[in-house]
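Heads up: the structure comes next, in structure tokens.
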Amino acid sequence: MNYWLFKSEPGEFGIDDLANSPGKTNNWDGVRNYQARNMMRDQMKKGDLGFFYHSNCEQPGIVGTITIVREGYSDHTAFDPKDKHFDAKSDPENPRWFMVDVKLKRKFSTELQLKYLKQFADKELQGFQLLMRGNRLSVMPVTKEHWDFIDSLV
DNA sequence: GCCAACGTTGGC
DNA sequence: GCCAACGTTGGC
């Protein structure tokens with residue numbers, strides 16, 4: 001089993017939007033970065049767990065956990081010219097972008113704010129990509145050690 | 001709104 | 001293949 005972290009802007013799609021989705025499940029579409037795409041297409045497996053992270057907002061942080069319930073498949077939003085994630089270069093016959101389906105596992109009663117997590121950057125969370133300078137990946141792997149530590153903070 | 005970091009694009 | 005220009009991310 002693998003562990004991941006998914007970033008989303010709460011104004012676009014926050015954890016409550018996932019909670020309010022049918023079956024608390026939705027597709028994680030709109031990823032337009034090749035590294036992130038490769039992870040979604042090749043490495044994410046049904047049953048993997050992920051952190052739900054709110055980015056680009058007043059209080060960025062980890063707000064809950066999700067389960068991967070469907071493995072990588074074609075991101076159809078790339079084919080819709082009206083969609084903000086439209087990509088004319090993605091061919092339905094040979095899609096460029098992929099998504100997975102995720103289900104809300106747990107919404108934290110207390111958010112683990114980025115500024116709180118940072119105090120562990122040189123200790124328990126050393127090497128955690130989220131805390132590293134210049135990190136911009138919207139989907140990233142999390143080690144079991146980091147996952148367990150963060151989980152213990154909730 | 002600013003700006004550092006970094007990915008992508010495109011001319012050569 | 002190099003690299004400057006440009007666009008995006010995302011914390012602050």
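The structure presented is a predicted model; accordingly, all values stated were derived computationally and were not measured. Order of the sequence lines fixes the chain letters, A, B, ..., with proteins taken first and strands second; residue numbering starts at 1 for each chain.
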Sorted by position of nearest nucleotide on DNA chain B, 5' first, the leading residue of A:Asn56 and A:Gly134 is A:Asn56
Looking at [N], I'd like to know if its phosphate oxygens (OP1 or OP2) sit under 4.0 Å from a side-chain N or O belonging to [X].
{"X": "A:Lys7", "N": "C:dT9", "answer": "no"}
{"X": "A:Tyr53", "N": "C:dG11", "answer": "yes"}
{"X": "A:Lys118", "N": "C:dC12", "answer": "yes"}

Tell me every residue that passes side-chain contact (heavy atoms from CB on, under 4.5 Å) with A:Phe86, counting only those two or more places apart in sequence or in another chain. A:Pro81, A:Ala88
Starting at [atom1] of [X] and ending at [atom2] of [N], how long is that distance when rounded to a whole Å?
{"X": "A:Tyr116", "N": "C:dC12", "atom1": "OH", "atom2": "P", "value": "17 Å"}
{"X": "A:Gln59", "N": "C:dG10", "atom1": "CD", "atom2": "P", "value": "18 Å"}
{"X": "A:Gln113", "N": "C:dC12", "atom1": "CD", "atom2": "P", "value": "11 Å"}
{"X": "A:Leu5", "N": "C:dG10", "atom1": "CG", "atom2": "C1'", "value": "14 Å"}

With a 4.0 Å cut-off on N to O distance, would you call A:Asp75 and A:Arg32 a salt bridge? yes
Does a salt bridge link A:Glu12 with A:Lys84, judged by any charged N lying under 4.0 Å from a carboxylate O? yes
Contacts of A:Lys123 that satisfy side chain to side chain donor-acceptor pair (under 3.5 Å) - sequence neighbours left out: none
Look at the side chain of A:Arg136 and decide which nucleotide, out of B:dC6, B:dT8, C:dG10, has an atom nearest to it. B:dC6
Base, sugar-phosphate, or nothing for A:Lys115, non-hydrogen atoms under 4.0 angstrom? nothing
